[in-house]
**Student:** 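Dropping the structure in here first, questions after.
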Amino acid sequence: MYELIDGKATSAAIKEEIAEEVKQLVKEGAKTPHLAAILVGHDGASETYVASKEKSCSQVGFNSTVLRLEDDITEADLLEKVEAVNNDPGIDGLIVQLPLPAHINEQKIIEAIKPEKDVDGFHPVNVGRMVIGLPAFVSATPAGILELLKRYNIETSGKSCVVIGRSNIVGKPMSILLSQKNDFGNATVTLCHSRTPNLKEVTGQADIIIAALGRAEFLRADMVKEGAVVIDVGISRIRSDKTKSGWKLLGDVKFDEVAPKCSFITPVPGGVGPMTIVSLLRNTLLASKREIYK
Ligand code: NAD
């Protein structure tokens with residue numbers, strides 16, 4: 001029988017811990033942590049993500065600001081906005097909601113954010129620091145997955161882990177974190193991607209599989225060994241005539257088929273997703289306490 005890894009309940013518990021710490025810090029005279037988000041345009045999914053980040057901030061007692069900008073803003077003007085937040089001592093963390101309109105160079109914007117305020121952990125300075133094991137803001141989704149593994153006492157040391165997907169925000173950092181020499185690292189990691197032949201043979205050997213490729217129900221039972229731990233990062237919005245909204249969310253794992261073979265598995269929704277936001281809150285708290293860059 002598998003154990004369900006409940007990201008919703010875990011994230012709620014962590015939010016309470018953060019809220020408690022904020023209350024204590026403020027009581028001791030520290031400033032209230034403050035997260036700013038820049039939202040360009042009116043993309044539905046981006047609006048939803050930013051709204052839920054704002055709600056989470058208020059749940060833990062943070063201040064939050066959303067800078068809403070039109071999608072015809074020039075790159076130069078957006079860079080100026082980023083610079084203004086960089087220089088605002090009242091703001092601890094800044095995220096720029098992606099994707100940005102095609103005429104704006106995303107990488108240029110990411111690199112304009114001060115590493116000390118880059119609570120998404122996307123700036124090359126934070127990525128580089130993470131790779132060599134220095135204190136860094138770690139990308140929220142892989143950080144959230146590590147936290148789930150910790151809280152469910154899932155051993156990674158000496159295990160064989162397969163990460164599917166090599167994005168800069170999930171797959172790549174995840175593979176590095178799991179292979180690092182520390183608690184909840186020390187795994188032997190294989191990073192798979194769209195050019196990996198015989199994927200089934202590779203995943204079939206894995207003790208832990210992290211599926212982050214964005215293909216609905218891609219991971220099937222015959223790709224997973226008995227007793228594996230399966231972490232499903234994928235979120236695909238699929239049309240459905242069975243839901244009120246007309247949409248349903250599917251992960252990268254065919255859950256009903258794979259779960260019976262697993263020791264632990266995350267659901268979608270309610271698995272990795274809620275943990276991503278909590279990691280962002282934690283990074284913002286670290287930023288306000290100046291714990292990464294002293
Ligand atoms: P991405 O979309 O940038 O890249 C997908 C990766 O998957 C690529 O590296 C590609 O090589 C690999 N891939 C594609 N098809 C493959 C195949 N057939 N076999 C093996 N590898 C294949 O990745 P992303 O931004 O990390 O997003 C992946 C998924 O995770 C998406 O569904 C996204 O919505 C979701 N996501 C969820 C959260 C969360 O909080 N739960 C956060 C970030 C991303």
Side-chain angles (χ1 to χ4, degrees), residues 4-8 10-12 14-15 37 43-53 55-56 95-100 106-107 110 119-122 127 137-149 161-178 189-206 209-220 222-224 230-238 247-255 258 265-283:
L4 194 70
I5 300 180
D6 188 341
K8 207 170 157 196
T10 309
S11 72
I14 298 175
K15 275 185 190 168
D43 174 71
S46 294
E47 296 262 10
T48 309
Y49 288 136
V50 169
S52 103
K53 288 168 189 172
K55 187 176 158 204
S56 297
I95 56 171
V96 177
Q97 187 63 46
L98 302 178
L100 291 171
E106 268 181 16
Q107 193 56 31
I110 289 170
V119 287
D120 261 337
F122 295 166
V127 178
F137 291 116
V138 174
S139 180
T141 302
I145 293 170
L146 278 192
E147 193 61 33
L148 278 180
L149 295 175
C161 293
V162 169
V163 178
I164 317 173
R166 58 179 158 190
S167 73
N168 288 340
I169 62 168
V170 186
K172 245 187 263 175
M174 189 76 252
S175 68
I176 291 162
L177 291 163
L178 284 167
V189 183
T190 307
L191 181 58
C192 298
H193 44 75
S194 50
R195 304 286 177 95
T196 302
N198 310 325
L199 188 70
K200 196 162 132 176
E201 281 164 32
V202 183
T203 55
Q205 307 286 320
I209 301 173
I210 317 274
L213 67 160
R215 295 231 180 160
E217 301 188 323
F218 176 87
L219 195 80
R220 310 289 301 251
D222 63 350
M223 301 168 80
V224 177
V230 171
I231 307 291
D232 190 351
V233 183
I235 303 175
S236 300
R237 239 170 125 236
I238 306 288
W247 295 94
K248 66 174 174 181
L249 294 184
L250 288 180
D252 286 347
V253 178
K254 193 154 177 56
F255 186 90
V258 172
I265 186 167
T266 60
V268 173
V272 173
M275 293 301 291
T276 296
I277 290 194
V278 154
S279 303
L280 178 67
L281 296 174
R282 166 141 311 149
N283 279 350

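All ligand and atom numbering here is 1-based and tracks the order in the structure.
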**Student:** Would you compute the distance between atom CG of Asp222 and atom CG of Leu219 and round it to the nearest 0.5 angstrom?
**Tutor:** 9.0 Å
**Student:** Taking the side chain as C-beta and beyond, is there a heavy-atom pair between Val253 and Ile209 under 4.5 Å?
**Tutor:** no
**Student:** Check whether any side-chain heavy atom of Ile145 sits under 4.5 Å from a side-chain heavy atom of Ile210, and report yes or no.
**Tutor:** yes
**Student:** Hey, what do you get for CD1 (Ile277) to OG (Ser56), rounding to the nearest 0.5 Å?
**Tutor:** 4.5 Å
**Student:** Using side-chain heavy atoms (C-beta onward) and a distance below 4.5 Å, is Glu147 in contact with Val278?
**Tutor:** no
**Student:** Does ligand 1 have any N/O atom under 3.5 Å from a protein N/O, and what are those pairs and their distances?
**Tutor:**
{"from": "ligand 1", "atom 1": "9 (O)", "to": "Arg166", "atom 2": "N", "distance (Å)": "2.8"}
{"from": "ligand 1", "atom 1": "11 (O)", "to": "Ser194", "atom 2": "N", "distance (Å)": "3.1"}
{"from": "ligand 1", "atom 1": "11 (O)", "to": "Ser194", "atom 2": "OG", "distance (Å)": "3.3"}
{"from": "ligand 1", "atom 1": "21 (N)", "to": "His193", "atom 2": "O", "distance (Å)": "3.4"}
{"from": "ligand 1", "atom 1": "21 (N)", "to": "Ser194", "atom 2": "N", "distance (Å)": "3.3"}
{"from": "ligand 1", "atom 1": "26 (O)", "to": "Ser167", "atom 2": "OG", "distance (Å)": "2.6"}
{"from": "ligand 1", "atom 1": "32 (O)", "to": "Ile235", "atom 2": "N", "distance (Å)": "3.0"}
{"from": "ligand 1", "atom 1": "32 (O)", "to": "Ile235", "atom 2": "O", "distance (Å)": "3.2"}
{"from": "ligand 1", "atom 1": "34 (O)", "to": "Ile235", "atom 2": "O", "distance (Å)": "3.4"}
{"from": "ligand 1", "atom 1": "40 (O)", "to": "Thr276", "atom 2": "OG1", "distance (Å)": "2.8"}
{"from": "ligand 1", "atom 1": "41 (N)", "to": "Val233", "atom 2": "O", "distance (Å)": "3.4"}

**Student:** Looking only at non-hydrogen atoms, find the nearest pair between Leu191 and Ser175 and report the distance.
**Tutor:** CD2-OG, 3.9 Å
